[in-house]
Amino acid sequence: MSNVTTPPMNPNSSPPRKINSHRPTYSRFTQQELPACKPILTPTYVISAFMIVTVVFVPIGLASLFASRHVVEIVNRYDDYCAPYGSRSDKVRFIQSDADKTCNTTITVPKHMKQPIYVYYQLDNFYQNHRRYVKSRSDQQLRNKNYENDTSTCKPEDSVNGTVPIVPCGLVAWSMFNDTFSFSTNNNVKLPITKKGISWKSDRDHKYGKDVFPKNFQNGSLIGGAHLNESIPLSAQEDLIVWMRTAALPTFRKLYGKIEVDLKAGDTINVIMQNNYNTYSFNGKKKLVLSTASWLGGKNNFIGVAYLVIGGLCFVLAMTFTAIYLVKPRRLGDPTYLTWNRSPAGH
Amino acid sequence: MARGGIREKLRRSSLYTLANIRTKPSYRKEEAASEELSGYPRVIFVNQQTVSDDTPPPIFCTNYVSTTKYTLFNFLPIALFEQFNRVANFYFLVAAGLTFTDYAPFDWPSQVVPLALVVGFSLAKELYEDLQRHWQDMTANCQKATVHVGNGVFESKQWRDVCVGDIVKVKKDEFFPADLLLLQSSYEDGMSYVETMNLDGETNLKVKRALQNMSLPVVADDDKAVHFSDFRPTIRCENPNSNLYTFTGNLEYNGHIHPLDPAQLLLRDSKLRNTEYIYGVVVFTGNDTKVMQNTTQSPSKRSKIELQMDKIIYLLFGLLIFISIVSASGFGYVVRNLVPLWWYLMPEVPGEDFDINNFFVSGLRHLVTALMLYGYLVPISLYVSIEAVKILQARFINNDLHLYDEVTGVPANARTSNLNEQLGQVDTILSDKTGTLTCNQMDFLKCSIAGCPYGKRPSEVELAAAKQLKALDTHDEEASIGSLSDTTSLEAITITDDGNANKSQAIKGFSFQDDRLQNAKWLKEPNADVILLFFRILAVCHTAIPEISEKTGELTYEAESPDEGAFLVAAREFGFHFIKRTQNSVVVRERLSMDQEPVEKEYNILTLLDFTSKRKRMSVIIRDESGQILMFCKGADTIIFDRLADTGKQYLEATTKNLNDYGEAGLRTLALAYKKLEENEYSDWYEKFHKAQIASGSNREELLEELSDVMERGLTLVGATAVEDKLQKGVPECIDRLALAGLKIWVLTGDKMETAINIGFSCSLLRQGMTQICIVVSAEMLAEAAKHVIKENILSQITTAIQTIEDKKETRAAFALIIDGKTLTYALEDDMKFQFLNLAVNCASVICCRVSPKQKALVVRLVKEGTGRTTLGIGDGANDVGMIKEADIGIGISGVEGMQAVMASDFSIAQFRFLERLLIVHGHWCYKRISKMICYFFYKNITLALTLFYFEAETGFSGQMHYDDWYMLLYNVFLTSCPVLALGVLEKDICAEFCLQFPALYQQGPKNLFFDWYRIIGWLANGVYASFVIYIVNLRIFSPESFRKEGQTADMYVIGTAMFTSIIWVVNVQIFLVSHYLTQVQLHTIWGSIVVWYLIVYIYGMTPVDWSAGNIYHQLPEVLGPAYKFYLSTIFVTILCNMPYLIHISYQRCYNPEDHHVLQEMKNMKKDVTDTKMWKREQVKATQDTEIGLSARVDAKMRLMKGRTTRKYSSLAYSSS
C-alpha cells in the first residue's frame, strides 16, 4: 500500500534497457547452485562409522581402565569414629565444645604407592555450590589491598559489627575447613606433607594479593571454620585458595597436601587428626583420602567403562547393521523403495 | 484502517482547536445550513484561499500524505509495544528488568544484551521499512503543482501545500496532486484523458469531461485563458469516501447550479494523458482523496508452521513453568528442612534469597528466579533468526532466473517473506482465469452477422481438441472410427491453417480470416446493409480513444477493455477507421468500396450509457449526418436477447446457434443491436434523464439506471462477435504438473459458463469422459421463485450430485463441478455451504463462473475454513484483490492489468507457469528448511536449559549456575546461531530438477511430514536426552576425584566449562548430521562455531582479572587444557549424544528410506544418466493420483482403450426445470 503515491512505472513504456536492469544477476550463490558435499549414509558408511567408534573407543577405554587400575586410593571416613563414645548422641555439642578433638587412626597401604601421594579431604552433603554461599565473597578484596572495604557482596559475613571490614570476607572464607592431618609410619617416622603447589598458579599469582593480609578474620560472634595466620599474605595461604574454589557438587574432595615419598604395600600409617570441622550439624561425612594419580587423574573407572561400553555397543550396532544388510540388503537407489512403488495408489 | 482512525482523531482534536478556534462555530453553522439547503455535506468555496475574508473557508485536511506506520515521535513507543506484544519477547523483557534485582540468577548483561540485540534488529528492520515509505511519501509530497495564487497568477507549489478550493493547472503526463474537479482542458470541449493504472490497475485511458454549458470567465485578450481571479463558485458535494466510481455534487456559479458526476472528477495518482493541460478545482486533499481512502492494510498472514511453532513455544513455556515450580517447591523444602542445619550459610541471618522462618515466601521468590534461569528453554533469538532466514530465502526467490520473465522483464518478487514455507504446503489453488490462465489479449476471430457465421480460423480450443484426438488416433488405430469421424474436419483445418498462421498474426488483436468480408468484399454479401450496420456499431459504440502514431501514422486505440480494442482493430481492418473523438462526436473514416476514396463521417453522440459489470451492456445514442437518431448497443448475449423488439428477432435463432458454436470453441461473445429513435421520443426521454443527472441524493444512480433500462429496450439484433482469449504460455503444462503434485485447482472466473468450460478444456482442467456436474438455477426460477424454493432446489441438486459420486466411487469416474455465480450466492450461505464444499472437494476440478470479486473471496474463505487446508489465491486484476487477501497465500501476476493485485499479494510472478517452480521447488525447500531449523532451534535450547535445571537441583535448588554468565549470553546470539542460519538458508534435500521431475515429493509439505508433532516431540526428546547425557557424563568424569595428573580437583566453573564445551560440540555435530547439503558456508559456520568457542574461552580467560569476573581466569591454558579428561569427555559426550539420531537416520535410510533418500542415492550413483529407462518410468509414477491435467487425459484414454468397452460418456447435467 505504500506505493500508491509514487509515480508508476508502465512496463510497456519503459525502454528495454530498463527492463534488463530487473534481470537477476547470475551467480552460483543466488541461483542456489553452490557446490556441496552430500554425504549419503550408505550401509557401508554406517557400518564403518560404528566400527571406527569401536576402534577408537575400546583402546581409550582400556587405557583409561588400566590407568584407573593403577591408581591406589585409600578412603577413610573419620567423622564417625572421631567423635568420642560419650558424645556420639550429641555430636554437634561435642564439636562446638572446647574438648580435645584429637583423633587417631591407622591406615594400611594396600599396594605400592608411588610419590607424589595426594592427600584429600572429602566432604559429603556440604553445599559449597549453594547460591548464597557462592556469591558471598569479594574477589576484588582478595586481590588488592586497596579494595579492603569492598565487602558489599560478602553478606552476611562482611564486617565486624557492621563497620570494620573482614579480610577475607564472605561465607566461603569464613567456613574454611579446619581439620588437620599428620601422618607417620609405624616406625614413628613422620611423613612430611607438602602444602606448596596444591593450588592453581594463576590463583596465587593474580587472584590473591601478595600484600593482602587477613584482618578481623573469625573475630565475630560466630566462629565458622579455620583461623588464618594474619602475618601470611593471602597468596601464600594455599589452603584458603583451594577452599575458595567452590565445588560443583555437595560431595567433593579438596587437595590437602602431598606426601612426597613412596609408600610400600602393607605399610601401616598412623594418622593424627584434629577433628575440628562441624559436619555433624547437617549429617555430613568427612573422609580422608590418599591417592596417587595417573595421566587421567584419580581413580575413576567410569570413564574407562563408559568408553568400553559404548565402543562395544557400536560394535554390536555395526554387526547388527551388517547382519541386516546381509540378510535383507537394500540396493542403493532401488526405486522399489519409493513411496509410490510401495503403496501403489491404484496405478 | 485503524491508522486512519487515529489520524482522524488527531486532526479533529488538535488541528481544529489550535488553528481555528474562533471560526469553528461559524463554519459549523454554515455547514449545517447548507446541508439543509442542498443535501450535500461538504461545501467548498473555490478560489478563496488567499482572499482575506472575514469568514475564512472551512478547514479541510491538508494535502500532506503519510503512509508511514510511525512518526518521529511515536516510532519508539509503538514499535517497542509491537515487539513486546509477542509473548516470548515480553517474557524476556520482564526477565531483563528483573536482572537488576536480587532475584536474578545472573548479571544483567546476560539477559539485556541478547534482548537488546534481538529487539534492536527488529526495530532496525521496522525503521528501515518505514523510512522507505517515508521517502516515497516525501517524493510524492514534494512534487510540484501549479496553483492559482490570485489575480490570475499561477505559482509552483509543493503538493503538500495544495488546499481544498485551490485551482490547479496540470500538464500532460503529470499526476493529479489531489482529487480535482475538471473545469477546463486544452480541448475546446473540455475533454481530457486520464490513465488510472495506479488506482484500479486498468491500463486503458479514461475519458473525463468538463462541465458543459458553464461559461468560464475569459481573459479579454486570449479567449482560451481563463480569468480565474473572478471565478469563485461554490461546490457542494458528498463527503470523502472510498468508492472510486461515484461522485455526486453540484457547482453553483453565477446563480446557476450545475450537476457534478464522476466524469468530472480527476483522481489523485492518476495521470493526464493525451491532453495538453487541464484546470481543476481541488475537491479532496490528502487522506480524503479516493486513493487514500482506498488504501487498506493487507492482512498480516502467518504461516501454519509459525502458528504451530507458537504452540511449541507455549509448550516450552509450560515446561518452563513446570520446572520452575518444581525448583521453587524444592527450594522451599530445602529452606524449611535442610538449610537451618547448614551453619555455613548463616541461615539465621535472613538474606535477599531466603528466610528460614518463612519458607513459603522464600519459595515464591525463588519461583521468580527460576522462571528467569530456565528462560533459555525459550529461544530468544528464534523469531529474529527465522525472520533473517526468511528474508534471505525471499532473496533467492527474487533472484531466481527461472522465475524471471524475459519478455516483460519482470522477476518474481516475494513481497512478504514470512510465508515462504507456506508455499510448500499448498493444497488448493484458486485461480482467476482472465489474465492469469489467459493473456487477456483478445483476438477478433469470428463473427455472426445477420445470422450468418463468418471467420474460418479455428480457435486454440478447437486446435487443441484436434491435436489431442489426432494423438489418440495414432495411439490406437483400432479405435472406433465413429468417434473420430467428426474430428476429421477439424484436422483438415489444422493442417491447412499451419501454413499461413504466421502471416496474419501480424495484426495484434485481429485473427479473423474470411474472404467474404475482407477487402471490401462484404458489399457483395446478401445482407450488406446489416453488415454495414454491424461495422458501424463496432466503430462507434465504444469509449475508446484513437492514437495516431507519429512515426508510422498508424491508428492504435486506447480502449477500456481488450475486447473493445479488438473490435476497433477489427472495424479498422474492415475499412471503418475510427479516427477522432471529441466531447460530443466520433469521427469515422469509412471506406465503402475498394475503388472509392474513404469518407469521413461524423456521428454526434447525444448520450452515452456506460458499461458496468452490473448492466453488462453499453449504448450510445447518436445522430448521424442525415439527422437520424440511432441507438447502438452491445452487450452480453443474454442481456441483449432479453431486450429485443419482436420485430428485431429476425436473426435470433441463427445467431443463437452461432453463439453456441463460438462458446464451444472457447470464444468470448458479445451481441450487437441497434434501435431507431424518433426526435421527440429521444427528447422526452432525455429531459427525464437530464433531470435525474442533476438531481442530488442517493437514489440518483438508481434513477439513472432505470431510465437507461427504459431506453435500451426494443432493440433489433444485428449480430454477434467472437473474440478469443489466448491462453498464457505454458499454462496447460503447468496445471498438469501441479495436478500431478497433488494440488487441487479451482478456477473462479467472471466469465460465463460456456467460456469457462471451454477454457477448462483447453487447459486440461476438464476432459472428455469426466462427468460434469452443473449446479445451475434457471433464470425464470431466479426471477420468480421464492428464496427458500431456490435454495431447496440447489440443495437437492447438491445432494443428488453427492449421491452420484458415492455411487460411482468404485468406477474411478472423475467429476467436474461447474457452478455459476447466482447459484453460488445461495450455495455460499451458511446453511448450505458445507454441503457445497463437501461436493466440491469430491470433484477433480471445480469451476465457478460469473462470480463477483466478493464471491471469489468467500469461496476462498470457505475452502480455507471448511477444509483447514492451505489455500493459494492467484490473480492479476483488481477484482482478484479480495481473493488474494483472503487466501493463505496470495499471488499476484504482474501482468498487464496493473498493480492492484500485485500490491495486495504476498508473492508476485510474471506468468502463471512460474507457479510450478515457486511451489514445487522454492516452496518445498523453504518448508523443509524452516521446519528443520525450528526443530533444531528448540533442540539446542532444551539441551542447554535442562543442564541448568539438573545442576540447580544439586545446589539445593538455590539458583546457582555452573556456567559463566557470558557463556549464556553468547550461546544464542553468537555461538550457535550461524550454523542454524546457514541451514535455514541453504539446506536442500534434493536439487531443483528432481523436485520438478518427481512432483509427488511436494506432498511432503501439505501432509506436513516434517513438522508434525511426532517429529517435534522426537526433537524435544532428543534435546532432553542430550542434556541428560551431557550433564551426567561430565559430572561423573570430573568429580569427585582429581581430574589430572597434578592431583587437583575440579571446581564448579571447571566442570561448567567442560560441560559447555560438550554442548557446543554436541549441537554442532548434530546440525552437521541434520544437513543433507553441506556447502562451504555450512562447513565453515559449523567448524567456525566450535573454534570460536575455544577462542572465546581462551581470550576471555586471559583478560586481566580486574575486567572479568575471574571465574574462568586462565582456565583453558592452565586448568583444562592439560587435562586429558577434558578431551575424553568432549569426545565421549559428542558421540553418545548424537548416537540415537545417527542410529535413527541410519536405520531409516538403510531399511525404510524416504523418497528423497532414494533419489539422493540415485543421483549419487548417476542413475539418472545411466538408467534413463528406469528414471523416466519413476518420473511417470512419481505423481499423485489425479483426474485433471494433460496426463490424466491420456491416462483416462488409455484406461478406456484397455477396457475396450464402448462406454458411453455420461453427462449429467442437472437443470432445475
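Heavy atoms only: backbone and side chains are in, while hydrogens, waters and symmetry mates are out. Residue numbers begin at 1 in each chain, while the letters A, B, ... track the order of the sequences. Just so you know, these numbers come straight off a predicted model, no measurement behind them.
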Assign the ring pair A/W200 / B/F1043 to parallel, tilted or perpendicular, where the plane angle (0 to 90°) is split at 30° and 60°.
-> tilted

Please check if any side-chain donor atom of A/N129 sits under 3.5 Å from a side-chain acceptor atom of B/Q960, or the reverse.
-> no

Of the backbone (N, CA, C, O) and the side chain (C-beta and beyond), which part of A/T320 lies under 4.5 Å from a heavy atom of chain B, both, or neither?
-> neither

Proximal component of A/P35, with respect to chain B [non-hydrogen, under 4.5 Å] | backbone

Looking at A/L255, A/N283, A/D203, which has the largest count of heavy-atom pairs under 4.5 Å with chain B?
-> A/L255

Is chain B contacted by the side chain of A/F50, its backbone, both, or neither, given a heavy-atom distance below 4.5 Å?
-> side chain

May I ask you to check whether B/Y344 and A/F282 place their ring centres under 6.0 Å from each other?
-> yes

Residue from A/I60, A/L317, A/N278 scoring the most non-hydrogen pairs under 4.5 Å with chain B is A/N278

Which atoms of A/K201 approach chain B - backbone, side chain, both or neither, heavy atom under 4.5 Å = both

Measuring heavy-atom distances to chain B, does A/L249 have an atom under 4.5 Å in its side chain, in its backbone, in both, or in neither?
-> side chain

Between B/W343 and A/Y277, is a ring pair (Phe, Tyr, Trp, His ring centres under 6.0 Å) present by the stated rule, with each step listed?
-> CA-CA 11 Å; B/W343 58 268; A/Y277 203 69; 5.4 Å; yes

Can you tell which part of A/L34 gets under 4.5 Å to a heavy atom of chain B, answering side chain, backbone, both or neither?
-> both

Whatever's closer than 4.5 Å to a heavy atom in chain B on A/I324 counts as both

Heavy-atom contact with chain B under 4.5 Å, split by part of A/Y280 = neither

Using non-hydrogen atoms and a 4.5 Å limit, figure out which bit of A/L41 sits close to chain B: side chain, backbone, both or neither.
-> both

Pick one of side chain, backbone, both or neither for B/H922, based on which atoms fall under 4.5 Å of a heavy atom in chain A.
-> side chain

Answer key: most heavy-atom pairs under 4.5 Å with chain B among A/G197, A/P250, A/A306 is A/A306

Side chain / backbone / both / neither for B/I1143 at chain A, heavy atoms under 4.5 Å | both

B/I1131, part contacting chain A, at a heavy-atom distance under 4.5 Å | both

Relative to chain B, which segment of A/F126 carries a heavy atom at a distance below 4.5 Å: side chain, backbone, both, or neither?
-> both

